[in-house]
Each structure stands twice: as structure tokens, then as C-alpha cells.
Protein chains: 2
Amino acid sequence: MNRSRAPEGYDPSAFEPFAVTVDLAVFTVREERLHVLLVERGQEPYAGTWALPGGFVLPRESAERAARRELAEETGLSADTVAGLHLEQLRTYSEPDRDPRMRVVSVAYTALVPDPPEPRGGGDAARARWMPHGTLGPLAFDHDRILADAHDRIGAKLEYSCLATAFCPPEFTIGELRQVYETVWGVELDRPNFRRKVLATPGFVRAVEGPPRLTGGRGKPAALYRAGEAKALHPPLLRPEGRSTS
Amino acid sequence: MNRSRAPEGYDPSAFEPFAVTVDLAVFTVREERLHVLLVERGQEPYAGTWALPGGFVLPRESAERAARRELAEETGLSADTVAGLHLEQLRTYSEPDRDPRMRVVSVAYTALVPDPPEPRGGGDAARARWMPHGTLGPLAFDHDRILADAHDRIGAKLEYSCLATAFCPPEFTIGELRQVYETVWGVELDRPNFRRKVLATPGFVRAVEGPPRLTGGRGKPAALYRAGEAKALHPPLLRPEGRSTS
DNA sequence: CCCTTTATAGTCAACATGACTCTTAAGGAG
DNA sequence: CTCCTTAAGAGTCATGTTGACTATAAAGGG
């Protein structure tokens, strides 16, 4: 059990089998609050407790494919929509006793969803709901830890990547983009400075032609933008009292 | 096969078992070049090909514990030494056919080693060697991909964390620290500017009392420093033509 | 003793950022 | 219609950080 990937004569059945699952931390920004997609467990252990959506990786699929499949099943989004979402591997949780029933190694993913499509409780999902982040008691298994790690990660990524646009619909205003930063970071940002920074970063956003108007709210109508081609921010957009938990 | 972590009546043996392994991308800086710890495979598949060190996760250990155990076995370092090394989970590779023999999900870790302790070829390690990064033909399995991801990751982390000190011995000079950045990033940095930045970042390094001397090289003797208590760099130390691969 | 090498101290201008002010263009209340 | 509130968007100014350089100090080698 060491250097070689499989000692000669290795017999798979000689090892206790591992189950491999995916867990999903799916975030969205709704009504100026960060929301997370949660499901209520139907069976023991943790029956009646809220948990992150997820499920087993099938024998012939990769963890990422499993994650997209589960995401589509839980949210009721079409496969096309899910294919376009931002999905990123977070990390893998492998403590021997994280699942009391058996040895389960779970690959966690983080997904960002623009508009809050109400999860169809239909299909077979026990009960899936968008819950405001941090308002719920302890989640099942080690899902509180996973959720905290996911939140840390996206907060850090907002600093040096253009990820924030993944929370926004195809066309959005600078104000909506700023809302994403403020909601995830839990701070208020100076509007003029934020605007200046975003527009000064090449490829972050692209102005949309046509009537620079927006329906809805009060105040002066805002110009619309689309996500640009840039992936990284140089230099980064640091949070005010920036602490990276790493 | 969906929302619930285990459907009622779930029988583990009904699923094809997954093997779970760890792979290690262990880096060090030696002679101004980035080196990686590699082992030569003894059996098929890929017999005779170089690969990342790694091995199976045992039934009762976490992936991180497995990684530290394998690292100690491959390098011959004491358990104490290994316990102090920087070890970080990189990501998990789960493509169904990444190992031709069976379904293997591998959790990859990155480790940084200060001084190049020559791996004892002893014990049972087939043959472990420090190889200059990028000089070797294709590695076994998807290890080229893992190595590239690991390199990207540490390059990015140097920008916003104090990670570089993990490559250095307990006491080091600013010049040695700069070497780490130059070697990993593959660029030359301006010495005065680098020095100013490092010293201006609170908690990055702490000056060592006593004779500000260094044996060895030519040139004016340099002052010695130790790693500080800070973990993150604010603001970050961006690479010159900074591209984050994310 | 001169030359090369590296550390370390400064200087200066360009740039980025934080804190503000001001104007414009909506919607709502009276 | 008019005033008030709200938010977008244009600018200003002082400060802080960075990149590009110059200069001095303190070793080792020939």
C-alpha cells in the first residue's frame, strides 16, 4: 500500500469499497441576500435535516458530470441551462466518519446561478428550496463546513476573477454587479469607485448598444452591460478589510 | 440515483466499487530551478514511465493523512518533518478512464519542501528522484495535467499568500525568497522593489537578531529572516505580466 | 587593487484607490 | 405640476503602491 499505484496482484475486492458522491453548494443572489439551494432529507441519518443537494457518482461518469446531472435534477433546470452555469470543483471531503453508514468520499462543487429559478419540487427531489445563507440551523453531515468553504472560496474569487458576472442575467447593470459583491462580501461599496474600477478593467464588462434604459426600480435608468471575455482581474478588486481565509 | 445521499435499502455492493488514491505534486527549489519529486513505475501500466508519487487511501484514513503517509514513505523524511510541511489539497481527478485497470478517483495534493532532501531510494520506493520541472517526457496516467494544475496553483498562490516561505529553510535571506518567486514564476524581479514590498507587508517576514551575515556566496552578506505569522498578502504581490489561469 | 556580485538605501513618475461632491433622470407623494 | 427621494454617472483630490532607476556598501576572485 504504497508507492505503486497498484501492487502486483492487486485485487480490488481486497479493499473496502469507497462510495464516491458529489455535494453541491449552489448560490444565488436574491433580494440583496445570498441564498443557497438546500434539500430536506427524507431518510436517516439526519432525516428532516437540511442538506446540500448531491448524490452518487455513477460508475461511468466523472464527478463533474455527476454534479451537473444532480444540479439539473434538483433545480429542474434544462440540461442546456445547466451546461452554461458556472460550476467549479471546490475540494474533496474524505474524513472516514463523515457519513455514519459507510465510507463516503465526497467531491464538493460550487455553482453560481444568475436568476433564482424556483426549484421544481417536482420530479423526485424531496424538497428543494433557496434558503438565505446563514439562517438555518446545522446542516446534515459536514455540510456546514462545505458551505463555509464554498462561501470563502467565492468571496476570494470575486477579488481576482470576473466570476461575479456568473451571478447576473445576460444583461445587467453596474449596480446589479455591485450588489453581487456587496451581498457575497457583506459590505457596502462606494458606487462611483466601483463603477470606475469595473469600467477600467478591460474585458470585465461590455456595454450593450441601444436604449441605455432599465425597467423596474426608481432612480436614473442605468446602462446595460454583458459579461466580457476576460476571466481574471488585473489588478484585483480587493475587499475593503480584505481577509482571505484561503 | 439522485437527491438522497443513499436511497433506502441502498446496498453498497450494488455499486461498482471506486478505488480512492492520492497523488502528490511535491515541489522544491534547487539550484535556481523548480524541481518535482517523481517515481519510476515498476509495473504495468506505464511500467518504466515516471509518475507522481502516490498510493491508495486506506479504509480508515482521510485523504490528507494518506498524502502525508505517502510523502513520508517516498521521501524518507521523518513523520515530524512531514507533519510540518506545507501540504494542500489541489483537486480531485475522476475521469472514468484515467486508470485503464479500474475506476480510480484520485485526490491530488501539492506539497512544498524547503531544502532538497535526497529521497532515500530505500524502503520500497521503486526509484524516487527530484527532476527539474518540465524536462521530462509525458508522465504516467493524467499526471502531466495534475502537475500543470499544481504549478498553476502555486504560482497563483504566491501572489496573494505568504506561501513562498514554505520553500525556504527556517532562516533565509530576502534574496532566497526572491529566488522562489523568480523560479516558480519564471521571471526576473527587481531586487530593490521586491525587498521593499516584502518588508512593507506586515507579518510576511521577521528579522533575525544577531550577526546579519550569511555564509557562502559572493557579494555583500545579507540579513536573515524567518517566516512571519501572516498567511495572506494585502495587497498582493502580482506577477509582472500576471495571468491567472485559475 | 580592481572588478564582479549581491544587498540595501533612495528617488521619481505613473497608476490605482478611497473619500467625496455634483449633476442627471427617473418614480412617488402631495 | 412640484418637491423629494433614489440611484446612475461624471469628476476631484489626496494618498498609497508600483515600476524603473541610481547610488552606496560589503563581500570574493584574480
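Treat the numbers as computed from the prediction; the structure is a model and nothing was measured. Just so it is clear: chains get the letters A, B, ... in the order the sequence lines come, proteins before strands, and each one is counted from 1.
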Polar atoms only, N or O, under 3.5 Å: list the protein pairs with nucleotides 13-15 of chain C and their distances.
none

So which protein N/O to nucleotides 3-7 of chain D N/O distances come out below 3.5 Å?
none

Sequence neighbours excluded, the answer for side-chain hydrogen bond (donor to acceptor under 3.5 Å, both in side chains) partners of A:Thr135 is none
Residue set satisfying side-chain hydrogen bond (donor to acceptor under 3.5 Å, both in side chains) with A:Ser94, at least two apart, ordered chain then number -> none
Does A:Arg91 have any side-chain contact (heavy atoms from CB on, under 4.5 Å) partners at least two apart in sequence or in another chain, and if so, which? A:Tyr93, A:Arg145, A:Asp149, B:Gln89
Rounded to whole angstrom units, what separation is found between the CG atom of B:Leu189 and the C1' atom of C:dA7? 16 Å
Distance check needed: C:dT8 P versus B:Arg195 CZ, whole Å only. 4 Å
Letter per nucleotide, 5' to 3', of nucleotides 12-22 of chain D [B base touched, S only sugar-phosphate touched, - untouched; heavy atoms, 4.0 Å]: ------BBBBB
So which of B:Leu87, B:Ile146, B:Val36, B:Val39 actually passes side chain to side chain contact (heavy atoms under 4.5 Å, CB included) with B:Leu24? B:Leu87
Axial bend angle, the helix from C:dC1-D:dG30 to C:dG30-D:dC1: five-pair end segments, nearest 10°: 10°
So which atom in A:Pro114 and which in A:Cys168 form the shortest heavy-atom distance, rounded to 0.1 Å? CB-O, 3.3 Å
My understanding is that only residues two or more places apart in sequence, or in another chain, count here; which of them pass salt bridge (Lys or Arg N to Asp or Glu O under 4.0 Å) with B:Glu95? none
Quick one: list whatever passes salt bridge (Lys or Arg N to Asp or Glu O under 4.0 Å) with B:Arg65, sequence neighbours left out. none
For A:His133, ring pair (Phe, Tyr, Trp, His ring centres under 6.0 Å) partners two or more places apart: A:His151
Counterpart residues, ring pair (Phe, Tyr, Trp, His ring centres under 6.0 Å), relative to B:Tyr181 (two or more places apart): B:Trp185, B:Phe194
Does A:Pro170 reach the side chain of A:Arg226, with side-chain heavy atoms less than 4.5 Å apart? yes
Do A:Leu147 and A:Phe27 make a side-chain contact, defined as non-hydrogen atoms from C-beta onward lying under 4.5 Å apart? yes
Spacing of CG belonging to A:Leu158 relative to CG belonging to A:Leu237, to within rounding of 0.5 Å: 9.0 Å
For residues 180-201 of chain B, which residue pairs qualify under salt bridge (Lys or Arg N to Asp or Glu O under 4.0 Å), counting only residues two or more places apart or in two chains? B:Arg178-B:Glu182
